[in-house]
Amino acid sequence: MIEMTKRERVRAAILGEPVDRAPASLWGHDFLREWSNDELVGATCEQYETYDWDFIKINPRWSMFPEAWGAVYSPPSDQSNPTMVSSALEELDELHDVVSVHAERGVLGEHIESTRLVVERTRGEVDVVQTVFSPMATLGLMFGHPRAFKQAAREAPAAVHAAIARITDTIIHYSRANMNAGASGVFYAPLQWASYANSTAEFYREFGRPYDMQVLDAIRDAEFNILHVCFTNNMLADVLDYPVHAFNWDDRDETNSGLADIWSQTDKAVMGGVSRSGLGELNADEIRAQASQAAGVANTRVFVTGGCSIPPHTPHENRAAVAAGARGN
């Protein structure tokens, strides 16, 4: 088969058409550089240019969504999560004060600009997707701890729903603004909530799914929307009807479904195959074997990626091994 461009390869994989090889990419936090928009763009593009990835998933500042509603974090001094100084919500009564914020100002506006700059630097040759946390996940982060969010949902469910609804409005506008800035779509993440390790199916159906569908329905015209389901014991089987182009999860975790299993259950693309934890622990030959195995699941609708954001300490050799394994090298 004639070698495809990156965009041709991604589109064919999404549509279930034959590809010259499986598209591949990795993404992860650089906790020290993501506090500056210029540095975030630089770190993102440097990884793309070094490994020649087939698409770019921007990993924004981890704390950006709760920050947009007033949470305060101190930047880390090493490659670890920032420290929360104060949460956006302290008391249940404050739920009534949660409003829709301007999606193109403040920290959200900064990250829309990062999308524009990455698209500009890569000259439109590659699909760029921006990360979006779900409304439920965002409200959970605003409380600062999952237990506080669960308590609020038990004690004041109507107020929680109203707050999530207002957050949903902002998330929709933010998602569309990123596409206006050149993004091909979003990497939509409910974080820990679509996992039986942290939630229940009933809880997620009430506080997660309705708002997920509002966001995803509002951006159906995007070319490349990805649903990322986090953590162990995930609820991927319950969200396979979501209107996205691809599903990403940690298929190497023994509590989650494998890549081939989900591939057989959906007409959407599957994305994974490389152990997130293994990227920091295994050697390059082992990582290359995982990538090669993932690429061999099927001749289309398969993307070779990590199961989540890769560890910051992932060695260069292991990152390169993902690219080599996906490309049959």
Test side chain to side chain contact (heavy atoms under 4.5 Å, CB included) applied to Asp127 and Asp54, step by step: CA-CA 8 Å; Asp127 287 292; Asp54 290 299; over 6 Å; no
Step by step, would you call Arg21 with Glu3 a salt bridge (charged side-chain N to carboxylate O under 4.0 Å, His left out)? CA-CA 9 Å; Arg21 60 171 176 78; Glu3 183 176 3; 5.4 Å; no
Heavy atoms, side chains only, cut-off 4.5 Å: are Thr44 and Asn59 in contact? no
So among Tyr188, Phe133, Phe65, which one has a ring-ring contact (aromatic ring centres under 6.0 Å, His included) with Tyr174? Phe65
When you measure from the side chain of Ser309 to the backbone N and O of Gly28, does any donor-acceptor pair fall under 3.5 Å? no
Could you please spell out the steps behind the side chain to side chain contact (heavy atoms under 4.5 Å, CB included) verdict for Met84 and Ser74? CA-CA 6 Å; Met84 177 178 278; Ser74 61; over 6 Å; no
Which residues satisfy the ring pair (Phe, Tyr, Trp, His ring centres under 6.0 Å) test with His145, sequence neighbours excluded? none
Can you get from Val126 to Val118 by hopping between Ile, Leu, Val, Met, Phe, Trp and Tyr side chains that sit under 4.5 Å apart? yes
Kindly give the cluster partners of Met1, where membership spreads through any ILVMFWY side chain lying under 4.5 Å from a current member. Met4, Val19
Quiz: residues 156-167 side-chain donor-acceptor pairs under 3.5 angstrom, not counting sequence neighbours:
unit_1 : atom_1 : unit_2 : atom_2 : d
His161 : ND1    : Tyr211 : OH     : 2.6
His161 : NE2    : Glu206 : OE2    : 3.0
Arg166 : NE     : Val98  : O      : 2.3
Arg166 : NH2    : Leu95  : O      : 3.2
Arg166 : NH2    : Val98  : O      : 3.2

Would you check if Asp30 and Pro312 make a side-chain contact, meaning some heavy-atom pair closer than 4.5 Å? no
Heavy-atom distance under 4.5 Å between the side chains of Tyr204 and Ser195, does that happen here? no
Got a donor-acceptor contact below 3.5 angstrom from the Glu125 side chain to the Lys6 backbone? no
Can you see whether Asp78 engages Ser80 through a side-chain donor-acceptor pair at a distance of less than 3.5 angstrom? yes
Count the heavy atoms of every other residue, nucleotide or ligand shown that sit under 6.0 Å from CD of Glu254, and state whether that count exceeds 12. no
Tell me every residue that passes salt bridge (Lys or Arg N to Asp or Glu O under 4.0 Å) with Asp238, counting only those two or more places apart in sequence or in another chain. none
Would you find a donor on one side and an acceptor on the other, under 3.5 Å apart, between the side chain of Asn299 and the backbone of Pro18? no
Across all chains, not counting sequence neighbours, the ring pair (Phe, Tyr, Trp, His ring centres under 6.0 Å) partners of Phe187 are Trp27, His228
So which residues get pulled into Val85's cluster when ILVMFWY side chains under 4.5 Å apart are joined, directly or through others? Val72
For Glu281, all residues meeting salt bridge (Lys or Arg N to Asp or Glu O under 4.0 Å), sequence neighbours excluded: none
Just verifying a value: how many Å separate Thr314 OG1 and Leu26 CG, rounded to the nearest 0.5 Å? 7.5 Å
What I want to check is whether the side chains of Ser87 and Glu90 have a donor and an acceptor closer together than 3.5 Å. yes
Measuring from atom NE2 of His29 to atom CG of Leu40, what distance do you get when rounded to the nearest 0.5 angstrom? 10.0 Å
Are Val41 and Val186 connected in a single hydrophobic cluster, I mean Ile/Leu/Val/Met/Phe/Trp/Tyr linked by side-chain heavy atoms less than 4.5 Å apart? no
Under the salt bridge (Lys or Arg N to Asp or Glu O under 4.0 Å) test, which residues partner Asp93, sequence neighbours left out? none
If you measure only the distance, is there a donor-acceptor pair under 3.5 Å linking the side chains of Glu286 and Gln290? no
Within one Ile-Leu-Val-Met-Phe-Trp-Tyr cluster: Val297 and Ile287, side-chain cutoff 4.5 Å: no
Taking C-beta and beyond as the side chain, do Val107 and Arg61 meet within less than 4.5 Å on heavy atoms? yes
Strictly below 4.0 Å, N to O, side chains only: are Arg121 and Glu46 in salt-bridge contact? no
Pair Arg209 + Asp212: basic N to acidic O under 4.0 Å: no
Using side-chain heavy atoms (C-beta onward) and a distance below 4.5 Å, is Phe247 in contact with Ile226? no
With no hydrogens and no angle check, is any side-chain donor or acceptor of Asp251 less than 3.5 Å from a backbone partner on Gly273? yes
Would you say the side chain of Glu39 lies within less than 4.5 Å of the side chain of Glu34, judging by non-hydrogen atoms? no
Above 12 or not: heavy atoms from other molecules or residues under 6.0 Å from CZ of Arg220? yes
Determine, using the 4.5 Å side-chain heavy-atom cutoff (strictly less than), whether Trp69 and Ile112 are members of one ILVMFWY cluster. yes
Check whether Ser264 reaches the backbone of Asp261 with its side chain - one donor and one acceptor, N or O, closer than 3.5 Å. yes
Hydrophobic cluster membership, Met136 vs Trp62, 4.5 Å side-chain cutoff: yes
Kindly determine whether Trp193 and Phe149 satisfy side chain to side chain contact (heavy atoms under 4.5 Å, CB included), including the steps that lead there. CA-CA 11 Å; Trp193 298 108; Phe149 173 67; 3.5 Å; yes
Would you check if Pro82 and Pro75 make a side-chain contact, meaning some heavy-atom pair closer than 4.5 Å? no
Do Ser134 and Ile171 come close enough that some side-chain heavy atom pair is under 4.5 Å? no
Below 30° counts as parallel, above 60° as perpendicular, anything between as tilted: where do the rings of Phe207 and Phe203 land? tilted
Is it true that, when you exclude Glu91 itself, more than 12 heavy atoms of the residues, nucleotides or ligands shown sit nearer than 6.0 Å to its CD? no
Asn178 versus Thr115, side-chain donor and acceptor atoms under 3.5 Å: yes
Ignoring hydrogens and geometry beyond distance, is a side-chain donor-acceptor pair present between Lys57 and Thr131 at under 3.5 Å? yes
List the residues meeting salt bridge (Lys or Arg N to Asp or Glu O under 4.0 Å) with Glu113, not counting sequence neighbours, and say none if there are none. Arg116
Given 3.5 Å as the limit, does a donor-acceptor pair link the side chain of Trp249 with the main chain of Cys308, or not? no
Side-chain donor-acceptor pair present, His313, Gln79, cut-off under 3.5 Å: no
If you group Ile, Leu, Val, Met, Phe, Trp and Tyr whenever their side-chain heavy atoms sit less than 4.5 Å apart, what else falls in with Leu32? none
Should the pair Arg9-Asp20 be classified as a salt bridge under the 4.0 Å nitrogen-to-oxygen rule? yes
Pair Leu141-Leu191, side chain to side chain contact (heavy atoms under 4.5 Å, CB included): steps then yes or no: CA-CA 10 Å; Leu141 289 171; Leu191 302 185; 3.8 Å; yes
What residue pairs, at least two apart or across chains, pass side chain to side chain donor-acceptor pair (under 3.5 Å) with a residue in residues 267-276? Ser275-Ser277
Would you call Arg11 and Glu8 a salt bridge, using N to O less than 4.0 angstrom? no
Could you tell me if Asn234 and Asn256 have a donor-acceptor pair between their side chains, going purely by distance under 3.5 Å? yes
So the salt bridge (charged side-chain N to carboxylate O under 4.0 Å, His left out) pairs with at least one residue in residues 295-324 (sequence neighbours excluded) are none
